[in-house]
Every structure is written in structure tokens, then in C-alpha cells.
Protein chains: 2
Amino acid sequence: MSEHQFSGRFTFEELTKEETPLRILQSTMHEMGSNGLTNLTTKNISQRANLSTGIIHHYFDTKDNLVYAAYVYLVKDLHQCSLEVGRTENDPKKRLLAMIRMNFSATHISQEARNIWPQFWAHAAYDARIERLLRAYYSRCHSNLTYNFRQLISDPQNAKMAANMLLASIHGVWFFHRFNAIPSEPEQAIAMLVAQLESLLATYQEH
Amino acid sequence: MSEHQFSGRFTFEELTKEETPLRILQSTMHEMGSNGLTNLTTKNISQRANLSTGIIHHYFDTKDNLVYAAYVYLVKDLHQCSLEVGRTENDPKKRLLAMIRMNFSATHISQEARNIWPQFWAHAAYDARIERLLRAYYSRCHSNLTYNFRQLISDPQNAKMAANMLLASIHGVWFFHRFNAIPSEPEQAIAMLVAQLESLLATYQEH
DNA sequence: GCGAAGTGATTGACTGGTTAGTCAATCACT
DNA sequence: AGTGATTGACTAACCAGTCAATCACTTCGC
């Protein structure tokens with residue numbers, strides 16, 4: 001049974017293999033992104049997917065479960081991307097650089113994610129179940145960064161600190177890039193984070 | 001007339017001078033923080049403030065205006081704090097350090113803010129009016145940081161880049177501190193950002 | 001082959017409950 | 001007597017979830 005079970009009826013994998021529940025999920029993500037959680041209705045979701053409202057409850061039982069499933073979908077997709085980075089790059093520093101770049105890539109994921117992440121954060125702030133999912137995702141990101149820093153920085157404590165700081169920096173730069181508050185060209189954002197990575201390595205690495 | 005007019009009836013200053021609208025505002029912020037925008041109702045707000053639902057519309061016309069006023073209140077309060085830092089500290093580096101510390105202080109503001117900021121971001125993601133307010137706030141923060149870095153870094157372009165990076169770092173560290181995803185002691189968070197500030201100065205400063 | 005019975009997908013009208021906003025009435029104070 | 005603050009019952013709209021009915025498709029006895 002899936003780690004990410006979210007309703008009594010099906011597991012995540014079973015659901016997304018089928019056509020209709022996947023359409024519902026994608027429609028939900030689109031609606032969440034463009035109108036926010038507050039204005040998310042089963043009517044809007046079903047209309048966008050050209051389905052009836054009833055079918056939503058057939059597959060997801062409640063609206064809450066559907067929204068949760070959307071976050072799981074988002075997180076799994078991104079995790080898949082980071083696994084791919086781990087496979088294609090064999091040098092730890094190259095992997096860190098690839099992970100930075102990944103966050104600003106223009107795949108369908110980022111385009112959708114751009115609008116959903118803020119809803120995700122807001123939801124996690126008052127819903128314990130959503131918060132657990134968010135924390136699990138960031139925890140995995142952090143482990144991933146730490147693993148790579150360990151191969152570049154001899155002191156494990158320093159490697160962990162470098163991972164902390166890079167994770168925070170990636171998040172911060174992505175955030176201001178998202179809201180166009182800092183020069184918002186992806187290239188500049190990536191350059192800032194590459195400089196940050198170099199700076200962290202220079203600080204913590206003993207040659 | 002106030003820069004922050006949000007309803008046809010009163011200006012922000014006129015409203016918050018009075019007892020009742022201020023109680024409504026604080027009650028709104030508390031409800032937003034604990035139950036999220038999605039579950040925010042005029043009934044809950046008025047009950048917490050020991051008032052009727054009607055009075056909310058008397059002062060704020062619509063719920064949207066009330067929520068907007070809550071964000072304005074939050075932002076103004078924080079801006080007030082940063083002005084105070086500017087007055088009490090006279091050294092640019094000390095001012096930057098004080099601004100870092102400010103974000104993790106346990107004043108009533110941060111306690112309330114902790115729960116409202118995620119709602120603010122989510123709301124800004126799909127509402128243009130809220131987005132403008134959020135951008136204006138971060139723009140002011142950025143100007144403030146840039147002003148202080150200018151006195152420490154001779155090249156204006158470098159000063160701006162340092163401000164970009166510190167702003168992003170503060171946001172990122174605050175975020176993970178907020179969600180307990182990175183070692184969440186305020187002292188450690190502040191120490192990370194102080195180190196980041198030192199590193200930025202070392203990189204961009206020519207002695 | 002073929003009809004019957006069964007199975008799960010899908011519909012959309014309907015319900016019970018909730019909500020933002022209205023408004024006539026009352027209250028407190030001048 | 002007048003003025004603004006405040007109340008809370010009321011309304012029109014909306015929404016999540018239900019359910020009986022239909023549809024598409026398979027299985028199986030003969």
C-alpha cells in the first residue's frame with residue numbers, strides 16, 4: 001500500500017494510472033493556482049474537466065482529500081525530478097548546481113507549481129495533515145543537499161549547516177523570483193544561488 | 001488622505017484610532033492566523049470580538065476590505081519597527097544586524113505575523129490588489145537594505161546584489177524557522193544570517 | 001453466438017447547512 | 001431631538017456531499 005494513501009478507496013498510484021481521476025487532479029491544481037484555495041469549488045473543478053461534480057466524490061470522497069492528493073502529486077513530481085538529477089550527474093558539486101537550476105526550470109511542473117506553492121504554505125499553516133506533507137518534502141530536500149555537501153565538506157556539522165543555508169537561500173530566491181520582487185530573470189536568480197554555493201564551499205571547505 | 005485607503009468610508013488612520021474597528025481588525029488577524037483565509041467568517045470574527053456581524057460592514061463595507069486592512073495593519077506595524085531600528089542604531093552594519101534580529105523577535109507582532117504571512121502570500125498569488133501591497137512591502141525592505149549596504153560597499157551594483165541576497169536569505173531562514181524544518185531556535189537562525197551578512201560583506205567589500 | 005445479469009463509471013437534480021451582506025430597530029450620547 | 005454606533009433577524013446565493021438513475025462494458029450460461 002502506498003505511503004501516500006489519502007482516501008479510503010484507492011491508493012495514489014492506482015488513481016493516477018486511470019484517466020478520469022488524473023484529469024480531476026490536474027483540473028484541481030489549475031483551479032487552485034488561478035483562484036486560490038478560498039474560491040476552489042467542486043463545480044469549477046468539474047466544469048474545467050468536463051465532468052460532473054458527483055464523480056469527484058466517487059474517486060476522492062471529500063474535497064479535502066482531493067486537495068491533499070493535489071499536493072502529493074506536486075511533491076511526487078518534483079521528487080521524481082530530483083531523483084533524475086541524482087542519476088544523470090555524478091559529481092556532487094554538479095548535482096548541487098543541477099538542483100539549483102531545477103528550481104527555475106520551465107517544465108510543466110514549475111509552471112503549475114508557481115501558483116500552487118503559496119496555497120500549500122498557507123494551508124500547512126493551519127492544517128496539521130498538510131503541514132506534515134510539507135515538512136516531509138522539505139526534509140527530503142534537506143537530506144539530499146546534506147548528502148552532497150558531505151562529499152565536499154569534511155566536517156559533517158559544517159556540511160549540515162551549508163545544506164541549511166543553501167536550502168533557505170534557494171527558497172528565498174525562488175520566492176522573490178515568484179513575486180517579481182527581485183530582478184526576476186531566471187538566469188540572474190540562478191547566478192545568485194551559484195555564487196551562494198561557491199561562498200558556502202569557500203567558507204566550510206578545508207583544503 | 002491616507003496612502004492606504006481601503007474603503008469608501010474611512011481612512012486607515014481614522015479607523016484604527018477608534019476602539020471598535022481596531023478590535024475587529026485584531027480579531028480578524030487572530031482568526032486568519034488560526035483557521036486560515038478559507039475558514040474565515042464574519043461570524044467567527046464578530047464572536048471573538050464580542051460584537052455583532054453587522055458592525056463589520058459598518059466599518060469595512062466588505063469582508064475583502066477587512067482582510068486587506070488586516071494586511072495593511074501588519075505591514076505598517078513591521079514598517080514602524082524598521083523605522084525604529086533606523087533611529088536607534090547609527091552604524092550601517094549595526095542597522096543591518098538589528099534588522100536581521102527584528103525578524104525573529106518575540107514581540108506581539110511576530111507572534112501574530114507568524115500565522116498571517118503564509119495567508120498573505122497565498123492571497124497575493126491570485127489577487128492583484130493584495131499582490132501590490134505585498135510587493136510594496138518587500139520593495140521597501142529591499143530599499144532599506146540597499147541604503148545600508150551602500151554605506152559599506154562602494155560599488156552601487158554590488159550593494160544592490162548584496163541586498164537582494166540578504167533579503168532572500170532572511171526570508172528563506174524565516175520560512176524554515178516558521179515551519180520548524182531547519183533547526184528552529186531563533187538564536188541559530190539569527191547566527192546563520194549574521195554569518196551570511198559577513199560573507200556578503202567579505203565578498204563585495206573592497207578594503 | 002446471444003441474451004441476461006452484473007459491475008463500475010458517470011450524471012445531475014436535490015438537500016441541508018453555511019455565508020456575506022442588508023436593514024429596520026434600538027441604544028448611548030450630545 | 002438628533003446623530004452615529006450597534007444589534008441580530010433576515011435573505012439570497014452558494015456549496016459539499018448524496019443518491020437514484022443511466023450508461024458502457026464485461027462475464028457467463030446456454
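Small disclaimer: the values here were computed from a predicted structure and weren't measured.
Rounded to whole Å, the distance from CG on Leu22(A) to P on dA9(C) is 15 Å. The CZ-P distance, from Phe60(A) to dT10(C), rounds to 12 Å in whole Å. If you measure from atom CD of Gln47(A) to atom P of dT11(C), you get 12 Å, rounded to the nearest angstrom. Here the C1' atom of nucleotide dC14(D) and the CG atom of Asn44(A) are 11 Å apart, to the nearest Å. A straight line from CG of Leu51(A) to P of dA9(C) spans 13 Å, rounded to a whole angstrom. Atom-to-atom, CG of Asn65(B) to C1' of dG21(C) comes out at 13 Å; the value is rounded to the nearest Å. Nucleotide dT6(D) holds its C1' atom 8 Å from the NE2 atom of His58(B), rounded to whole Å. Between the CD atom of Glu19(A) and the C1' atom of dT10(C) there is a distance of 14 Å, given to the nearest Å.
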**Q.** nucleotides 16-23 of chain D: protein proximity per nucleotide (B base, S sugar-phosphate only, - neither; heavy atom, under 4.0 Å)
**A.** SBB-----
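Partner assigned to dT30(C) is dA1(D), using Watson-Crick or G-U wobble distances below 3.5 angstrom. The base-pairing partner of dT7(C), taking Watson-Crick or G-U wobble contacts with both distances under 3.5 Å, is dA24(D). Here dC23(C) sits opposite dG8(D) as a Watson-Crick or G-U wobble pair (both hydrogen-bonding atom distances under 3.5 Å).
Partners of Arg135(B) by salt bridge (Lys or Arg N to Asp or Glu O under 4.0 Å), not counting sequence neighbours, listed by chain and number: Glu131(B). With sequence neighbours excluded, no residue forms a salt bridge (Lys or Arg N to Asp or Glu O under 4.0 Å) with Arg132(B).
Tyr73(A) and Thr28(A) share no donor-acceptor pair across their side chains, judged by distance under 3.5 Å alone.
Between Phe60(B) and Val67(B), the closest side-chain pair of non-hydrogen atoms is not below 4.5 Å.
Rounding to the nearest 0.5 Å gives a distance of 10.0 Å between CZ of Arg101(B) and CD of Glu187(B).
Under a 3.5 Å cut-off, the side chain of Asn65(A) and the backbone N or O of Asp61(A) do not form any donor-acceptor pair. Between the side chain of Arg23(A) and the backbone N or O of Ala49(A), at least one donor-acceptor pair lies under 3.5 Å.
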